[in-house]
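A quick write-up on the structure given underneath.
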Amino acid sequence: MSAQNPRRLAPLGWLLAIILVAAWPSLAPNPFFVHLGQTFAYTAIAVIGLNILLGLSGQMSLGQAGFYAIGAYGSAITATSFGWPLWLSMPFGLLAAGLVGVLLGLVALRTRGLYLAMATLAFGFIVEIWAQRAVDLTGGTMGLFGVPQLDFGDFRNAAAYTFWICAAALLLVQLGSDWVFSSGTGRKLRAIKESESFAQTVGLNVSLWRTAVFTASALLAGLAGILFAHQSGFVSSDAFSIRLSIALLIAAVIGGLGDTRGPLLGTAILVAIAEVIAGFHTIGLIIYGGILLAVLLLVPEGAVGMLRAAIRPMRRAAHPSPIAEAGMPQAVVTRPPPPGTRRGGSLEVVGLSKSYAGVVALRDVSFSVAPGTIHALIGPNGAGKSTLINCVAGLYRADMGSVHLGQNEVTSLSAHQRARLGLARSFQNLQLISGLTVIENVMLGLRPQAGEGGIRAMMRWVAGLPHEEQERARALAVLDALAIAHLADRTPAELPYGHRKLVELARALAQDPLVMLLDEPVAGLNPLEAQQIATALRRLRDSGKTILLVEHNMEFVMGLSDRVTVLDHGVVIADDTPLAVQGDKKVIAAYLGAEDTEAPNSEKATAP
């Protein structure tokens, strides 16, 4: 398995794109095609922003026309009414769109899904109504005339200059989009899209990321509006209706959400559709809605997805899968943990209580996990184990009590802050990002190191060189420690369930944690697979790692743990060695019922 990142920039392709942009005004059959090129360029910029917002982070916006309008009016008004030069008015329009994007992004933190779509739709209507009513400022429905064009004083060549500026802006924005999709930024946004809880447990400040990507999308829509205003020389509220927001959404969906090439292909299709239906403007929304519905039902992955599906059989033929479906590798028992990892720390829970609407889930729970040990948390269904793990991880806020991680009290810290201090978490329901490969899933857990990422990585990427070789090498070492390095370039969907469990364990290990919280690590595995996981955990403990695990498999727990804490109805009823816990009458009663306190069969408590 190569440690190189396959997602590199293709300098030759970009060179050809630059040559085409430079020559297009001369190659175009007539001025109409130059104008079409301008429209394509600034529309694609707005679609790229929506693709990053919806395709990567999963935030739905039906108000992109509002940001588009704010950028257009911000630049047009300051240029026409106040006489600002374009080098001032255009940045002002961009700033205005960005500031509104920040404000709406903060509001969007409290909404998700359809509620966010409705909120942004309302925003778009508010901007449109404002543009119609603020006649003295915007010209109302009559619009603003005489908006300066991008002609640099040469009116005869204005079309070519405008095209070059719009196309140059598109190339830069597309370059940025390609970088996002090829770097850790894209991985983090995909993680936030699929599971915000998971994203927090790998140290991501979800609120900050959501606001930032919403603002970036608003900036790109604003930039598109600015270029539109100075291309046409006229700005009217009619240009910023809901029809524009739907058109941008259609372009993003038709092209293929979540793919960096999708906006270009989708915008080209949208521009072609717009020209075809230009004579049917009275039913334009109906046509756009029908197109969107057809794509969502028939081709949900868009045009890029269709192309990918067409070439996938050829790739599979060239690169057959090496995965054996018959269980996990025996080699895992001989692999040492990756070098350079820090030793585990202690975890102390003191007087933790949590209730939901008067129902007590935890009551005064206290226990300590010693460094370099495996500590099990067990109890019957409904005992409060999941609530306790979530309180320790920071996903839930406890009503009372405290949590100490090593020398740090983390009670008041959020989940992402606890993760950064050294608390790693796995989930009962696997939290692997489907759109990423195995090695990219593991890279989500890596702690940043000096010399990784930043300008150097971007410059290497621009040069077409591997730009994440250090991160990939570190992730590969973690995978190798669990004997699954050969699966690095596979996606989670291609793996058997047992391998996926190992991948999530590798992701948690990649965080180089002080304490690992493992939620039912062998749930759904057969005995042989459970034994492999037990061997891997035992070797991690022997290397100094601290593990707190929740598990229902008593054979697994009793054969592996150094100490066991038992919960029943949110209360600690035992906290002792595995042997002592097996003979505790309270534990037996909790599991078997008060009337049947016969000790469990000793054969069921043997080590795996």
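Remember, it's a predicted structure, so these values are computed and weren't measured experimentally.
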### Task
Could you check Leu517, Thr565, Leu549 and say which one makes a side-chain contact (heavy atoms from CB on, under 4.5 Å) with Leu377?
Thr565
#### Entry: Contact check, side chains of Val253 and Leu249, non-hydrogen atoms, under 4.5 Å
yes
### Message
Donor-acceptor pair, distance only, cut-off 3.5 Å: does the side chain of Arg538 make one with the backbone of Leu560?
### Response
no
### Task
Please check if any side-chain donor atom of Ser426 sits under 3.5 Å from a side-chain acceptor atom of Glu504, or the reverse.
no
#### Entry: Atom NE2 of His404 with >12 non-hydrogen neighbours under 6.0 angstrom
yes
#### Entry: Spacing of NZ belonging to Lys501 relative to CD belonging to Glu529, to within rounding of 0.5 Å
10.5 Å
#### Entry: Modelled atom types, side-chain donor and acceptor of Arg190 and Asn441, under 3.5 Å
no
### Query
Is any side-chain N of the basic residue among Arg472 and Asp489 closer than 4.0 Å to the acidic one's carboxylate O?
yes
### Query
Are Gln200 and Ser197 close enough that a side-chain donor and a side-chain acceptor fall under 3.5 Å?
no
### Task
Supply the atom-to-atom distance Leu50 CG to Leu257 CG, rounded to the nearest 0.5 angstrom.
7.5 Å
### Message
Within the structure provided, determine whether Val410 and Leu421 are in side-chain contact (heavy-atom separation under 4.5 Å).
### Response
yes
### Message
Going by side chain to side chain contact (heavy atoms under 4.5 Å, CB included), name the residues that satisfy it together with Ala119, two or more places apart in sequence or in a different chain.
### Response
none
#### Entry: Check: His375 and Asp575 side chains under 4.5 Å, non-hydrogen atoms
yes
### Message
Which heavy atom of Lys385 sits nearest to which heavy atom of Gly379, and what is that distance?
### Response
NZ-O, 2.9 Å
### Summary
One should read off an interatomic distance between Leu347 CG and Thr546 OG1, to the nearest 0.5 angstrom, of 8.5 Å
### Query
Quick one: are Ser402 and Val350 in side-chain contact, heavy atoms under 4.5 Å?
yes
### Query
Any Lys/Arg nitrogen of Asp562 or Arg541 sitting under 4.0 Å from an Asp/Glu carboxylate oxygen of the other?
yes
### Pairwise distance SG(Cys391) to CZ(Arg397) - rounded to 0.5 angstrom
9.5 Å
### Query
In this structure, are over 12 heavy atoms from other groups packed under 6.0 Å from Arg420 atom CZ?
yes
### Message
Counting C-beta onward and ignoring hydrogens, is there a side-chain heavy-atom pair between Val365 and Leu567 closer than 4.5 Å?
### Response
yes
### Query
Any Lys/Arg nitrogen of Glu469 or Arg456 sitting under 4.0 Å from an Asp/Glu carboxylate oxygen of the other?
yes
### Task
Report the C-alpha distance between Val213 and Gln59 in whole Å, list the side-chain angles of each, state the deciding distance to 0.1 Å, and finish with yes or no for side-chain contact (heavy atoms from CB on, under 4.5 Å).
CA-CA 9 Å; Val213 75; Gln59 299 182 79; 3.0 Å; yes
### Summary
To the nearest 0.5 Å, atom CG of Leu56 lies from atom OG1 of Thr185 at 9.5 Å
#### Entry: Worked verdict on Trp461 versus Ser183 for side-chain contact (heavy atoms from CB on, under 4.5 Å)
CA-CA 9 Å; Trp461 174 78; Ser183 67; over 6 Å; no
## Note on the structure
Separation between OG (Ser57) and CH2 (Trp209), nearest 0.5 Å, reads 10.5 Å
#### Entry: Between Ser386 and Asp519, a side-chain donor and acceptor under 3.5 Å
no
### Message
Do Thr260 and Asp178 pair up side chain to side chain, a donor and an acceptor below 3.5 Å, judged on atom types alone?
### Response
yes
### Task
Carefully, step by step, assess Ser355 and Asp399 under the rule side chain to side chain donor-acceptor pair (under 3.5 Å).
CA-CA 7 Å; Ser355 60; Asp399 300 329; 3.2 Å; yes
### Task
Return yes if some donor-acceptor pair links the side-chain N/O of Thr211 with the main-chain N/O of Leu208 below 3.5 Å, else return no.
no
### Query
Can you check whether Ala191's main-chain N or O pairs, donor with acceptor, with Glu194's side chain at less than 3.5 Å?
no
### Task
With sequence neighbours excluded, tell me which residues meet ring pair (Phe, Tyr, Trp, His ring centres under 6.0 Å) with Phe427.
none
### Message
Test of understanding: with ring pair (Phe, Tyr, Trp, His ring centres under 6.0 Å), list the residues that count as partners of His416, not counting sequence neighbours.
### Response
none
### Ser217 side chain vs Phe214 backbone, donor-acceptor pair below 3.5 Å
no
## Note on the structure
salt bridge (charged side-chain N to carboxylate O under 4.0 Å, His left out) with Asp512: of Arg474, Arg507, Lys545, only one passes, and it is Lys545
### Task
May I ask you to decide if Leu518's main-chain N or O and Glu520's side chain share a donor-acceptor pair within less than 3.5 Å?
no
### Task
Answer yes or no: is there a side-chain heavy-atom contact under 4.5 Å between Val522 and Glu551?
yes
### Distance-only polar pair, side chains of Thr535 and Gln532, donor-acceptor under 3.5 Å
no
### Backbone of Phe198 reached by a side-chain donor or acceptor of Ser195 within 3.5 Å
yes
### Task
Step through the shown structure and confirm whether more than 12 heavy atoms of other residues, nucleotides or ligands are within 6.0 Å of OH on Tyr115.
no
### Message
Quick check against the 3.5 Å criterion: does Arg500 have a side-chain atom that pairs as donor or acceptor with the backbone of Leu495?
### Response
yes
### Query
Where does the angle between the aromatic ring planes of His467 and Trp179 fall among parallel (under 30°), tilted (30 to 60°) and perpendicular (over 60°)?
tilted
